[in-house]
> 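Mind having a look at this structure? Questions to follow.
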Amino acid sequence: MAKRRSRNRKVRYVAIGAALATGGAVVALLPQANAADAKTPDQIMTMCERSAVINGEQRSVEDFGGAFADGFQADNCDFVETNFETFDGPTEKASIDFPNCEPNATQPAKVSLTWSSTSAQGQGKYVSTQQGGGGGLFGFLSGSWVKHTGTLDMTVKSATAGDTEARDVPVGKVLHMEFTPKLQRMTGEWRVRIDADPGSFAVNPSPEQNFVAPDVVEGPVILPGAAGAPGVVDGTSKAVLEDC
C-alpha cells in the first residue's frame, strides 16, 4: 500500500508541473472541492455574478437578469485582495503641436496650450467597468478599491487629467505636451462557495464546494477634483521640444 500511495502522489506532482511548464491556466480549488467539479475561471466568474451573496450583499436573481425559476448558481462570492501597487503608466502625447518654424521668426512664440489625457478607470482579467448594469461585478470591487488613497468609484468608466498653460516656443522648435499617468494594480481572487446540502428523501447529500478565480485589476490613481468636481488622474506632465 505504501508504494501505491507514493505513485499516486508522484502522478499528481507531475500533472501540476506539466501545467505550469506549458503556461496552462491552473484554477485553484480549496481542499473541500471535488476535482470532478473543477471549473474554468470564466465559469467561476459566472457563478460569482449569479451568487446569492456577493461581498456580503444579499441579492435577488433580478440583479443579474435572471427569472425566479433560474435560481442562484452559488451561495456566496467574495473578492479577497492579496496585493496592491502603484507604477507609472505609458507616456502619451497629450496636445497638438505648437510650431515656431516661420523662416523670419526671431522671437519665442507665446502660446496658450491646452492638453488632456484620459485613462480607463478599471480593467480586470474577468471584469471591467463596461460589464453589466451599474458596473456588474466591478461595482463590488469598489469597497476594496476606494480604501486606497485617491481613487474613484470603480464603476466610473474613465478619468481625465488636463490643464491650460502659457508656454514659450523657441525659434526653430515645435512644442507639445506629454503625460505619464500614475497607475495602480490590485491583485486578488474571487472565492465562490456552494454550501453543503444535507440531502433529503429524493436528493443525495453533497459536500461544500469552493472555487477560486484569480484577478488583476488596473486603473489610474485619482486626485480629488476642485470644488466638488470629479477627480483627475494623477501623473506627470512634461513639455517636449523638437526641431522643426
Side-chain angles (χ1 to χ4, degrees), residues 41-42 44-46 48-51 54-57 59 63-65 77-98 111-167 175-190 213-240:
D42 287 330
I44 293 172
M45 295 311 300
T46 298
C48 179
E49 188 174 16
R50 294 172 177 263
S51 291
I54 301 181
N55 278 13
E57 181 177 320
R59 310 176 74 228
D63 291 330
F64 52 80
C77 178
D78 286 312
F79 180 81
V80 179
E81 180 183 334
T82 56
N83 190 44
F84 193 90
E85 57 188 321
T86 59
F87 57 97
D88 286 339
T91 298
E92 296 183 350
K93 187 175 180 178
S95 75
I96 62 174
D97 290 333
F98 292 84
V111 299
S112 178
L113 183 156
T114 298
W115 62 271
S116 177
S117 180
T118 300
S119 297
Q121 170 61 5
Q123 297 293 327
K125 290 174 65 177
Y126 307 113
V127 292
S128 72
T129 51
Q130 287 75 31
Q131 181 197 44
L137 284 177
F138 228 73
F140 291 99
L141 288 179
S142 292
S144 299
W145 195 252
V146 299
K147 74 180 182 183
H148 299 287
T149 302
T151 60
L152 281 178
D153 186 295
M154 290 294 279
T155 60
V156 177
K157 292 185 177 182
S158 63
T160 301
D163 201 358
T164 297
E165 305 177 18
R167 294 275 182 170
L175 171 71
H176 72 264
M177 295 296 293
E178 292 183 347
F179 183 73
T180 303
K182 182 178 290 185
L183 301 182
Q184 51 197 7
R185 179 184 293 128
M186 182 169 66
T187 303
E189 55 191 26
W190 296 91
D215 208 353
V216 179
V217 180
E218 294 184 355
V221 176
I222 304 297
L223 298 173
V232 296
V233 178
D234 190 11
T236 304
S237 61
K238 181 176 69 172
V240 177

> If only atom types and distance count, is the side chain of R59 paired as donor or acceptor with the main-chain N or O of E49 below 3.5 Å?
yes
> Ignoring hydrogens and geometry, is there a side-chain-to-backbone donor-acceptor pair from T187 to T82 under 3.5 Å?
no
> With sequence neighbours excluded, tell me which residues meet salt bridge (Lys or Arg N to Asp or Glu O under 4.0 Å) with K238.
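Not a single residue meets the salt bridge (Lys or Arg N to Asp or Glu O under 4.0 Å) criterion with K238.
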> On a heavy-atom basis, which atom in Q184 and which in F87 lie closest, and how many Å separate them?
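Shortest heavy-atom contact: C-CE2, 4.1 Å.
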> Could you report the tightest heavy-atom contact between T180 and G89, atom names first, then the distance?
CG2-O, 3.4 Å
> Any chance you could measure R50, atom CZ, to M45, atom CE, to the nearest 0.5 Å?
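CE of M45 is found 13.0 Å from CZ of R50.
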> Would you please name every residue forming a salt bridge (Lys or Arg N to Asp or Glu O under 4.0 Å) with R167, sequence neighbours left out?
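Only E165 meet the salt bridge (Lys or Arg N to Asp or Glu O under 4.0 Å) criterion with R167.
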> To the nearest 0.5 Å, what is the distance between CD (E92) and OG (S117)?
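So the CD of E92 and the OG of S117 are separated by 5.0 Å.
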> Looking at T86, T160, T118, L183, which hits side-chain contact (heavy atoms from CB on, under 4.5 Å) with P220?
L183
> Taking all heavy atoms of G56 and all of D78, pick out the closest pair and write down the distance.
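In this case the closest contact between G56 and D78 is N-OD1, 3.9 Å.
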> Residues two or more places apart in sequence or in another chain: which of them pass salt bridge (Lys or Arg N to Asp or Glu O under 4.0 Å) with D97?
K93
> Measuring from atom OG of S116 to atom CG of D163, what distance do you get when rounded to the nearest 0.5 angstrom?
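S116 atom OG to D163 atom CG measures 10.5 Å (nearest 0.5 Å).
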> Where do A159 and I222 come nearest, in terms of heavy atoms and distance?
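Looks like CB-CD1, 3.6 Å.
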> Working note: R185 + V216, criterion side chain to side chain contact (heavy atoms under 4.5 Å, CB included); need CA distance, chi angles, decisive distance, verdict.
CA-CA 7 Å; R185 179 184 293 128; V216 179; 3.5 Å; yes
> Which heavy atom of S237 sits nearest to which heavy atom of W115, and what is that distance?
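Looks like CB-CZ2, 3.6 Å.
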> Checking F98 against L113 for the side chain to side chain contact (heavy atoms under 4.5 Å, CB included) test, could you report, in this order, the C-alpha distance in whole Å, the side-chain angles of both residues, the deciding distance, and whether it holds?
CA-CA 8 Å; F98 292 84; L113 183 156; 3.5 Å; yes
> Working to the nearest 0.5 Å, report the span between CH2 of W190 and OG of S51.
10.0 Å
> Please find the pair of heavy atoms, one from M177 and one from A239, that lie closest to each other, and give the distance.
SD-CA, 3.6 Å
> Just do the side chain to side chain contact (heavy atoms under 4.5 Å, CB included) check on N55 and F79 with the steps written out, would you?
CA-CA 7 Å; N55 278 13; F79 180 81; 4.1 Å; yes
